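Here is the structure we will look at, set down as structure tokens.
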Amino acid sequence: MEPFETILLTTDFSDLSRRAVPLALALARAFGSRLLVVHVVEEMLPPLSDEFSAVPFQEVLEAQRRHAAQALERFVAEEVGAHGGGADPVLAQGVPHLEIVRLAEQRRADLIVMATHGRGFLSQAIFGSTTERVLRHAPCPVLTVRGRPAPNVAAARS
């Protein structure tokens with residue numbers, strides 16, 4: 001197996017994305033990899049805003065970006081640091097699956113680690129998912145971490 005020189009871990013700051021951190025760190029340690037923690041800020045404007053509203057779009061987007069940058073720094077310090085690891089935070093802005101694929105190509109990632117909600121077929125068919133779209137277009141392998149915790153085998157035997 002070829003070593004993973006660069007591992008890209010995605011996060012949306014949810015509890016679900018936190019579950020992928022220990023696995024990504026374990027892989028980074030095992031292979032001596034550089035770990036990048038990526039968050040993508042979606043360019044979403046407030047509802048009911050259009051070109052005629054008084055909402056300053058650029059200010060709103062910049063505030064979203066500043067908030068996300070602070071949250072990403074905290075995530076890396078608290079989640080990655082809590083497991084005794086280190087990582088480089090990477091903030092992007094745009095459509096999440098497109099930015100994740102672009103960053104994986106640009107940073108020459110050898111592996112992408114991301115959480116998946118594990119939604120049912122109907123929800124997946126109607127809405128799609130960032131994970132599914134990354135899987136289709138990624139330039140490297142993608143390791144997905146399921147959203148549901150694994151059952152406790154010891155408790156099940158009792």
Side-chain angles (χ1 to χ4, degrees), residues 1-46 56-121 123-150:
M1 175 186 283
E2 299 214 8
F4 300 119
E5 290 181 23
T6 302
I7 297 174
L8 193 149
L9 169 65
T10 66
T11 184
D12 61 2
F13 309 128
S14 67
D15 288 339
L16 178 59
S17 69
R18 285 173 167 72
R19 290 189 187 158
V21 173
L23 181 57
L25 279 171
L27 289 168
R29 284 188 190 110
F31 289 98
S33 309
R34 177 177 180 212
L35 182 62
L36 306 175
V37 179
V38 174
H39 176 73
V40 180
V41 179
E42 291 188 71
E43 296 178 343
M44 298 179 65
L45 296 174
F57 298 128
Q58 291 306 321
E59 288 178 33
V60 171
L61 294 175
E62 187 54 38
Q64 287 175 341
R65 185 170 171 72
R66 277 193 311 272
H67 175 74
Q70 292 168 351
L72 181 59
E73 290 289 337
R74 265 193 320 276
F75 183 89
V76 169
E78 293 172 4
E79 296 299 323
V80 177
H83 294 283
D88 298 325
V90 179
L91 186 67
Q93 194 162 350
V95 178
H97 73 277
L98 296 175
E99 289 302 310
I100 292 166
V101 169
R102 181 188 66 78
L103 285 167
E105 291 170 345
Q106 181 184 60
R107 303 290 180 105
R108 294 190 171 103
D110 300 295
L111 178 68
I112 299 171
V113 178
M114 61 191 312
T116 181
H117 293 277
R119 292 185 295 210
F121 173 76
S123 175
Q124 183 73 16
I126 294 171
F127 301 112
S129 77
T130 298
T131 305
E132 188 267 332
R133 289 175 179 139
V134 169
L135 281 166
R136 280 193 307 200
H137 301 288
C140 60
V142 178
L143 176 61
T144 60
V145 178
R146 291 282 293 176
R148 294 182 210 117

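Worth saying up front: this structure is predicted, and the values here are computed from it rather than measured.
Here the CG-OG1 distance, from Leu36 to Thr10, works out to 12.0 Å after rounding to the nearest 0.5 Å. Rounded to the nearest 0.5 angstrom, Cys140 SG and Ile7 CD1 are separated by 10.0 Å. Taken to the nearest 0.5 Å, the CD atom of Glu79 stands 12.0 Å off from the CG atom of Leu72. For the atom pair CZ (Arg65) and CD (Gln70), the distance works out to 12.5 Å, reported to the nearest 0.5 Å. The structure places CZ of Arg29 at 9.0 Å from NE2 of His83, a figure rounded to the nearest 0.5 Å.
Looking at heavy atoms from C-beta onward, Leu23 lies in side-chain contact with Leu143 at the 4.5 angstrom threshold. Contact annotation: the side chain of Asp88 never approaches that of Leu35 to less than 4.5 Å [non-hydrogen atoms, C-beta and beyond]. Using a 4.5 Å heavy-atom cutoff, the side chains of Thr6 and Ser33 are not in contact. No side-chain heavy atom of Met114 sits under 4.5 Å from any side-chain heavy atom of Leu9. Using a 4.5 Å cut-off on side-chain heavy atoms (C-beta onward), Gln93 and Val40 make no contact. Using a 4.5 Å cut-off on side-chain heavy atoms (C-beta onward), Val90 and Arg107 make contact. With a 4.5 Å cut-off on side-chain heavy atoms, Phe31 and Leu111 do not count as touching.
Annotation: Phe13 is in aromatic contact with His39 [ring centroid separation under 6.0 Å].
By the 6.0 Å contact criterion, NE2 on His137 is enclosed, its count of non-hydrogen atoms from other residues, nucleotides or ligands being greater than 12.
No salt bridge links Glu105 with Arg102; every basic N to acidic carboxylate O contact stays at or beyond 4.0 Å.
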After noting the C-alpha distance and the side-chain angles of Leu8 and Val113, does the key distance pass the side-chain contact (heavy atoms from CB on, under 4.5 Å) rule? CA-CA 6 Å; Leu8 193 149; Val113 178; over 6 Å; no
Assess the residue pair Leu16 and Thr116 against the criterion (side-chain contact (heavy atoms from CB on, under 4.5 Å)); give the C-alpha distance rounded to whole Å, side-chain angles, the decisive distance to 0.1 Å, and a yes or no. CA-CA 8 Å; Leu16 178 59; Thr116 181; over 6 Å; no
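Counted by atom type alone, Ser17 and Thr11 present one or more donor-acceptor pairs between their side chains at under 3.5 Å.
Considering only residues two or more places apart in sequence or on other chains, Glu5 meets the side-chain contact (heavy atoms from CB on, under 4.5 Å) condition with Asp110.
Nearest heavy-atom pair across Leu25 and Gly85 is CD2-CA, 3.8 Å.
Remark: the backbone N or O of Ala104 is not paired with any side-chain donor or acceptor of Arg108 at under 3.5 angstrom.
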